[in-house]
S.K.: 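To start, I am sharing the structure in question, which I have written as structure tokens.
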Amino acid sequence: MVKQKWGDRLGTGFIWAIPLTITAIFLWIIGDVFWHGLGQINWQFLFTAPIDAGRSGGIAPILVSTAWILLICMGVSLPLGIGTAVLLVEFSDIKTGFGQLIRRSLDTLAGVPSIVFGLFGNALFVKVFGLGFSILSGGLTLACMVLPLLIRSTEEGLRAVPQSYRLGAASLGISQTKTLWHLILPAAMPGFVAGFVLGIGRAIAETAALIFTSGYVDRMPSSWLDSGRSLSIHIYDLAMNISNGNANAYGTATVLITLLLMINALTSWIGATWTNHHFKF
Amino acid sequence: MHLNPDLILLWLVRGLGTISAILVLLILLFLFKEAFPVLREVGIGAFFFDAVWQPTKGKFNLLPMILGTLWTTLGAMILATPLGILSAIFCQFYAPDFLAKLYRRLLELLAGIPSVVYGFWGLLVLVPMINRIQPPGASVLAGILILTLMILPTIALIADASFAKVPTSYLTGSQALGISQWGMVWGVAVPAAKSGLMTAGILATGRALGETMAVLMVCGNVVKTPTGLFDPVRTLTANIALEMAYALGDHRSALFVSGLMLMVVVIGLIAVAEWVVAEGKNYG
């Protein structure tokens, strides 16, 4: 009995040690980036172009390119994602064959490595569509990548809408299209917003899928067909290919992590407001 | 003719759904289309039995990179699986509620850190530390440690969710029998959550196999079969990322072959995960 008690205590100690270690490493990574990076950040850094391959100067064109890539990514994936989620939830009579097929292929899509998305984007958008290394190619590639995430979140939003809404509307003889537009979609809004924010978070963190779709060019893009460098590629390039690029890489990483933390806070705020005001009208 | 808006809506979402559904097929199709020229020319055997990887000279031995991917993934799984599952056990059975919530948030944040930031930190902090033990520092070990950090949240969060699904009656029942906390966790909760834990491991393996930027930045990228933990190594993904920018003709085609290999393995893993989930439902 005594022996078992000691074993239990040892086990408990071990189990507390692991989260403590992981928390420490997390703080180490974030702390290291902010410690070296915060000093780099000022208006000049955010609003001027990189000088000398990024060793000095700022990241203005990179912020603009990143924003364009995200805009295209979300602009394409949002209608696709919402349409697919509506199909999966609201027209569930086809749950049997087609619905299952879509679900299965989305599960697979969610597991495809980002570098493979990059290869695909290069083969289809860059070569076959002839878009070249461009913001458009990069945005379209990322749209394919965030799609499963977006659909999952929108689906959850739609499923959270009480069935009584649909039945009530149907009993009043309101058409399915009107029910969807005036009743279901507004009620499922938190799901779309959460999916939108999660999708942006995933897309802004991506590097491998962009290297050979949106390309490396660090000039201010003048159109969607220009190559544009994202924040994440800028960090990679400064760290790996540019000697003495680390200071500005830290600065860029600080900007990227700050954006991600803001996105994360926004997501949990949406989650919290959603559960608190759950369909109180 | 009167057009029924409900019918238009149905066909609209069917159309959009079809596009989403065929994306995976499109990816496979285009990988195969680009890989086909070199596969037809030299056959699949060349990728395993050629003397070296010199794609511009028609030598396509991918084996060092395949082994690189294999060792780093295997190492990371060996470290991350127990750590992730124990993290989940902490959240479910040991931590007070507020700490469990806090730790879950932290794991979500860890999962959201971009791989390029992990790689950057690894390059500037981890690699110099390993270099002090044994040069050059950029090594299999560095890759394993970074990958462990990256896939641990995946394992922990899925394991946590599957522990939460274990019926409370199992746990209260075992407590009523006077079994210790440790005994309850390992004797009751872990076996009951088995299929969820296996799914966590499989999905994390897929992530580790496909991870590119972080391993590219810390592994040294030398094309040579590693003989120890401190040897530099190049993974399949890093090879694609490094060479795709200038690859032409057969070289480019060969890189698509390696992408196709990754894709096939990942599809296989997902199929196994689905099978495990289905089995779990049958016997759970």
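Values in this document were obtained by computation on a predicted structure and should not be read as measured data. Letters A, B, ... mirror the listed sequences (proteins, then strands); counts begin at 1. Both backbone and side-chain heavy atoms feed into the values below; hydrogens, waters and symmetry mates do not.
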S.K.: Considering only NZ, NE, NH1 and NH2 on the basic side and carboxylate oxygens on the acidic side, decide whether B/Glu274 and A/Arg104 come within less than 4.0 Å.
M.R.: yes

S.K.: Atom CZ in A/Phe14, atom CZ in B/Phe90: separation rounded to 0.5 Å?
M.R.: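 Those atoms lie 13.5 Å apart.
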
S.K.: Starting at CG of B/Leu23, measure out to CG of A/Leu80 and round the result to the nearest 0.5 Å.
M.R.: 7.5 Å

S.K.: Around atom CZ of A/Arg152, are there more than 12 heavy atoms from other residues, nucleotides or ligands closer than 6.0 Å?
M.R.: no

S.K.: Side chain, backbone, both or neither: which part of B/Thr212 has a non-hydrogen atom closer than 4.5 Å to chain A?
M.R.: side chain

S.K.: Side chain, backbone, both or neither: which part of B/Leu25 has a non-hydrogen atom closer than 4.5 Å to chain A?
M.R.: neither

S.K.: Can you confirm whether B/Arg104 is buried at CZ, in the sense that more than 12 heavy atoms of other residues, nucleotides or ligands lie under 6.0 Å from that atom?
M.R.: yes

S.K.: With a 4.5 angstrom heavy-atom cut-off, which part of B/Leu269 approaches chain A: side chain, backbone, both or neither?
M.R.: neither

S.K.: Do the side chains of B/Phe256 and A/Leu119 get nearer than 4.5 Å, heavy atoms only?
M.R.: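 Yes; the side chains approach each other to less than 4.5 Å.
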
S.K.: Answer whether the closest heavy-atom distance between the side chains of B/Ile240 and A/Phe212 falls below 4.5 Å.
M.R.: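 In short, these two side chains touch, coming nearer than 4.5 Å.
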
S.K.: Is chain A contacted by the side chain of B/Val185, its backbone, both, or neither, given a heavy-atom distance below 4.5 Å?
M.R.: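 No part of it gets close to chain A.
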
S.K.: Non-hydrogen atoms of chain A under 4.5 Å away: do they reach the side chain of B/Leu28, the backbone, both or neither?
M.R.: neither

S.K.: Nearest 0.5 Å, what's the OG-CD1 distance between A/Ser105 and B/Ile267?
M.R.: 10.5 Å

S.K.: Could you give the distance from CG (B/Leu10) to CZ (A/Phe91), rounded to the nearest 0.5 Å?
M.R.: 5.0 Å

S.K.: Chain A heavy atoms under 4.5 Å from B/Arg207: which part of the residue, side chain, backbone, both or neither?
M.R.: neither

S.K.: Is the closest side-chain heavy-atom distance between A/Pro113 and B/Val266 below 4.5 Å?
M.R.: yes

S.K.: Quick check for you: among A/Ile22, A/Ile233, A/Ile211, which has the greatest number of heavy-atom pairs under 4.5 Å with chain B?
M.R.: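 The residue among A/Ile22, A/Ile233, A/Ile211 with the greatest pair count is A/Ile22.
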
S.K.: Would you please indicate yes or no on a ring centroid separation below 6.0 angstrom for B/Phe120 and A/Tyr250?
M.R.: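 Judged by ring-centre distance (under 6.0 Å), A/Tyr250 and B/Phe120 do meet the cut-off.
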
S.K.: What part of A/Leu261 gets within 4.5 angstrom of chain B, counting heavy atoms only: side chain, backbone, both, or neither?
M.R.: side chain

